[in-house]
Amino acid sequence: MANEKKMWEIIVIGGSAGSFSVVSKILEKVPRNLSVPIVLCLHRLKDKREGFKEALEIKSNIPVREPCDKDKIEKGVAYLAPSNYHLLIESKEIFALSTTELVQYSRPSIDVLFESAADTYKGGVLGLLLSGANRDGALGMSRIKSKGGFTIVQDPKDASMPTMPAAAIETTTIDLVLDTSNLVSFFANIEKNLFIHAAS
Amino acid sequence: MISSSINENDIEVELEELNQLSQAILTKYGYDFTNYAQSSFKRRIIMVLKKNSIKSVGLLIQKIVQDPKFFEQFVTDITVNTTELFRDPSFFRVVREELLPILSNRPEFNIWHAACSTGEEVISMAILLKEEGLWEKAKIYATDINTAVLKKAAEARYPLRNWELFKQNYSNTNPKGKLEDYCEIKDNEIQFDKDLIKNVRFKQHDLAVDQHFFKFDFILCRNVMIYFNQKLQNRVFELLHNSLFLGGYLALGAKESLIWCKIADKFAAFNENEKIYKKIKL
């Protein structure tokens, strides 16, 4: 099989206001034996360190972790950017954190995560941007695209806050625009999709 | 074909260029950035390039080598100086309620703020010590790689826009007073009472190259290690270990961990949630 090679090595997901329920539905449906890591950057309150990970974990089919600095990146795990830190991909093996300035009024910032993922994994990144009320993530999606990765946004018409996915559509080429139910089924079949898209 | 829209702000920086830059700085000025975490270091370099409208790392290297004044500003820009008063209030509450009572049993004790930046944590600690009646007993050092931020720290003056955040953080530490008791507001700035820090020695110290200089009962090195790679983290942990008395305490940032580092077995968790560790072996 010529297309045995997996198209993507990592999935990064960004979201803000209105994204929690979509993320939750996706994590509920991803296969337990997921062969890539998922890294989530969801805007969150800086003074609420606990509770978010636990809330996501309730329905998730795979473990959810908040990485510490230089923690290993493992497949089959959903990693959540901790509150009040930027989460970066240091190498294909480990994460790094930083407390630098807010980016797009946000820390963690989606741009910071997506750009470091694109720089490290080049074309091996699948980026998904969900509902949100600001423009964080648009430049990150642009970087993913320019390094040869794949970009998906939640359909702004379907998003409770359309600004964020709309900003990404304005900024760069988006490969797929999907509503919630199609997003969920895309991720339910993610293992197959990893290869189908490699063939197409 | 992959379609792409290149953002005109996108500056490409290769890892090899970062290495050349770090080597040039080390050779010329003796500052060692060679083992900084590459993902965040790269972001800082891109920020410096944009700020100064410099088009490539090569040109930046030229400018740094030729212009020591520019290099001074570069060090300020490159080192991360985002901090707040009582950052992570729950940490300060544990220090107040669990750690200081232990230190108070010692006739006197030494505290080191390693990489103190603009000094918000130094002020926070001084306020805690005052409120717990231990201020007189403490000998305090505050160090940073960057002399410009040390000067700022000694001035104990911060922009007024931080006021609400500072007050909110402080109120979550089970305070015994009001923040207004320790500062006054004038000309859009918060001026803390300089008496708070008159027993603090500010000193230039680079964790990446300098040795230990004193023995401490409590070292705060929070959200500093995250900017270093694992090799440099091991070096710094060893330095901090050597700088602690047996039975001394080390505080890290909320998402920093000792677990994988070489000297992990020489520490025991005092409060894992707030990342406070006790030195249990020489």
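Numbers restart at 1 for each chain; the letters A, B, ... are given by sequence-line order, proteins then strands. These figures come from a predicted structure and were not determined experimentally.
- With a 6.0 Å radius and a threshold of 12 heavy atoms from other residues, nucleotides or ligands, A/Lys122 has its NZ atom above the threshold.
- Both the sub-6.0 Å distance and the 45° axial angle are satisfied by B/Arg87 relative to the ring of A/Tyr85.
- Residue B/Glu14 does not touch chain A at all, counting heavy-atom pairs closer than 4.5 Å.
- Within the 4.5 angstrom heavy-atom criterion, only backbone atoms of A/Ile89 (N, CA, C, O) approach chain B.
- Counting heavy-atom pairs closer than 4.5 Å to chain A, the top-ranked of the candidates B/Met47, B/Arg43, B/Gln233 is B/Arg43.
- Heavy-atom distances place no part of B/Thr83 under 4.5 Å from chain A, backbone and side chain included.
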Practice task
Apply side chain to side chain donor-acceptor pair (under 3.5 Å) to the pair B/Asn229 and A/Glu90, showing each step before the final yes or no.
Solution key: CA-CA 9 Å; B/Asn229 70 16; A/Glu90 173 74 3; over 6 Å; no
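- The structure places CG of A/Leu88 at 9.0 Å from CD of B/Gln38, a figure rounded to the nearest 0.5 Å.
- Crowding of B/Lys152 atom NZ: a count of heavy atoms from other residues, nucleotides or ligands under 6.0 Å not exceeding 12.
- Atom-to-atom distance recorded for B/Asp88:CG and A/Ser83:OG is 7.5 Å, nearest 0.5 angstrom.
- The environment of B/Asn188 atom CG is sparse: at most 12 non-hydrogen atoms of other residues, nucleotides or ligands sit within 6.0 angstrom.
- Contact count against chain A (heavy-atom pairs under 4.5 Å) is highest for B/Ala254 among B/Ser90, B/Ser257, B/Ala254, B/Ser40.
- Of all the listed residues (A/Asn84, A/Asp71, A/Asp119), the one sharing the greatest number of non-hydrogen pairs under 4.5 Å with chain B is A/Asn84.
- Contacts between B/Leu165 and chain A at a heavy-atom distance below 4.5 Å involve the side chain alone, from C-beta outward.
- Annotation: the span from B/Glu12 atom CD to A/Lys147 atom NZ amounts to 3.5 Å, rounded to 0.5 Å.
- Of the listed residues A/Ser98, A/Ser91, A/Gly123, the one with more heavy-atom pairs under 4.5 angstrom with chain B than any other is A/Ser98.
- Taking CG from A/Leu97 and CE from B/Met225, the interatomic distance works out to 14.0 Å, rounded to the nearest 0.5 Å.
- Contact detail for A/Cys68 and B/Lys275: the closest heavy-atom pair is SG-CE, 4.4 Å.
- In summary, A/Glu101 and B/Arg44 engage in a salt bridge, as defined by a charged side-chain N under 4.0 Å from a carboxylate O.
- Side-chain contact between A/Thr100 and B/Tyr227: present, with at least one pair of heavy atoms (C-beta onward) separated by less than 4.5 Å.
- The backbone N or O of B/Phe228 lies less than 3.5 Å from a partner atom in the side chain of A/Lys70, making a donor-acceptor pair.
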